[in-house]
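If you're wondering where the values come from, they're calculated on a predicted model, not measured in any experiment.
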Amino acid sequence: SRNPFVIALRHPEYWQRLVGTGGAWLLYDFVYYGTTFNQPAILEKLFGKVDSLWSNCLQNLAAGSFGLPGVLLAIACIRGMGTKRLQGWGFVAIAATSALFATVLLAAPSNVPASFACMCLLITALNWGVNVSSYVLPTEVFPAEIRSSFFGVSAAMGKLGALLGGAFFGPLAAGSEGLPTVFILCTGVA
């Protein structure tokens with residue numbers, strides 16, 4: 001049979017790789033989309049309610065622009081580190097910056113510059129290792145006859161993580177200790 005799932009049934013190692021690529025993508029998208037979908041609310045908690053759409057756009061643009069250096073750095077690192085190591089270190093970077101952000105929010109909740117700096121570091125970490133390696137790793141670990149199907153299943157698992165992260169972060173962040181709780185969760189997930 002040319003059906004990729006029938007082919008994969010004969011090779012249990014492909015399913016293990018799928019759990020690895022899809023599971024990592026799910027966890028990453030949970031943190032990434034949970035953070036980015038709720039970025040305006042996070043910025044509002046840091047800076048207070050802005051009076052204009054233009055100010056809101058500028059705040060989000062300033063914070064979001066820290067993702068580009070992360071992606072460029074990942075592209076520069078991927079050959080030297082390898083995709084799997086880049087992904088592993090990417091999760092470490094996300095966990096470390098999430099923990100730092102939660103710590104700053106708990107220890108100095110009124111220190112807006114420190115909180116904003118932590119958010120920018122987190123956005124850089126989110127766009128570094130795992131962002132790039134999630135797309136590359138499935139193309140490296142699956143043979144050609146199942147690659148596109150298992151890449152698609154891995155991506156779908158990621159979108160499930162995005163859905164969960166986008167849905168859970170808003171309600172979690174709503175409380176008085178919400179943002180630190182969100183980033184402690186991010187640390188654990190990463």
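Sorted pairs that involve residues 102-119 and meet side chain to side chain donor-acceptor pair (under 3.5 Å), not counting sequence neighbours, are lacking altogether. For residues 77-93, the set of pairs meeting the side chain to side chain donor-acceptor pair (under 3.5 Å) definition, not counting sequence neighbours, comprises Thr83-Glu140, Gln87-Ser133.
Taking the six-membered ring wherever Trp is involved, the centroid distance between the rings of Trp25 and Phe151 falls below 6.0 Å. Ring to ring, Tyr33 and Phe169 are not that close: their centroids are 6.0 angstrom or more apart.
In this structure, Met81 is a member of the same hydrophobic cluster as Val71, with clusters built from ILVMFWY side-chain heavy atoms closer than 4.5 Å. Both Leu122 and Val182 are assigned to one and the same hydrophobic cluster, defined by single-linkage of ILVMFWY side chains at heavy-atom distances under 4.5 Å.
Under the side-chain hydrogen bond (donor to acceptor under 3.5 Å, both in side chains) criterion, Gln39 pairs with Asn60, sequence neighbours left out.
Contact of the Leu106 side chain with the Pro109 side chain is not registered, since no non-hydrogen atoms from C-beta on lie closer than 4.5 Å. Side-chain contact check for Phe66 versus Leu121: every heavy-atom pair is 4.5 Å or farther apart.
Proximity of a side-chain donor or acceptor of Ser98 to a complementary backbone N or O of Ala95 within less than 3.5 Å is not detected.
In the displayed structure, Phe116 atom CZ is contacted under 6.0 Å by more than 12 heavy atoms of other residues, nucleotides or ligands.
Among the candidates Val132, Val136, Val130, Asn131, the single residue satisfying the side-chain contact (heavy atoms from CB on, under 4.5 Å) test with Ser134 is Val130.
The two residues Ser154 and Leu18 have their closest heavy-atom pair at OG-CD1, 3.5 Å. The two residues Leu43 and Met119 come nearest to each other via the heavy atoms CD2-SD, 3.7 Å.
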